[in-house]
Amino acid sequence: MDMILSVDPVALDIVWFLVVGIVVAGMLLGGFKLGQRVRAKEPPPPAPEEQPHLPNGGAVYEVREERDQVEIPEGGLRPHEMQGYGNFGSTTSSHPDEVRKERESGYKLPEGPGPHPQPGAPPDAGRGAHA
């Protein structure tokens with residue numbers, strides 16, 4: 001008498017998902033183990049006394065200067081017309097405090113009639129939320 005083994009397709013799918021899940025979990029664990037081995041071979045981090053220190057003269061001196069603006073023609077410049085790889089060779093401003101003050105003075109409200117009122121808005125709507 002022959003015995004025929006019959007397996008339910010749903011049960012077979014469940015078994016395959018379990019096998020694939022175990023393989024993926026095993027590969028993840030193997031990756032973590034490999035990372036631990038590699039990390040164990042690395043030298044330890046430097047001690048506080050081995051850290052770099054400032055030079056005797058202190059931190060590097062930084063120069064902050066304001067440059068005079070260079071006028072660019074209305075049509076723009078082509079790359080071969082620029083001087084010094086895009087550096088126009090501008091000069092140091094003779095009045096850097098005024099230039100810095102003007103640049104850092106903040107936002108100025110635009111002058112003029114303002115935006116058009118929205119359809120259906122009252123006549124005195126003005127500039128709206130930006131008034």
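As a member of the Ile/Leu/Val/Met/Phe/Trp/Tyr network built from side-chain separations under 4.5 Å, V24 groups with V20, L28. Cluster partners of L29 are absent, since no Ile, Leu, Val, Met, Phe, Trp or Tyr has side-chain heavy atoms less than 4.5 Å from it.
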Please output the side-chain donor-acceptor pairs of residues 34-43 that fall under 3.5 Å, not counting sequence neighbours, one pair per line with the distance.
none

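Contacts of I22 classified as side-chain contact (heavy atoms from CB on, under 4.5 Å), with partners at least two apart in sequence or in another chain: none. Residues forming a side-chain contact (heavy atoms from CB on, under 4.5 Å) with A47 (at least two apart in sequence, or on another chain): E49, E50. Scanning for side-chain contact (heavy atoms from CB on, under 4.5 Å) contacts around Q51 gives P46, with sequence neighbours left out. Scanning for side-chain contact (heavy atoms from CB on, under 4.5 Å) contacts around P44 gives an empty result, with sequence neighbours left out.
Separation of atoms CG (D8) and CD1 (I14) is listed at 8.5 Å; rounding is to 0.5 Å.
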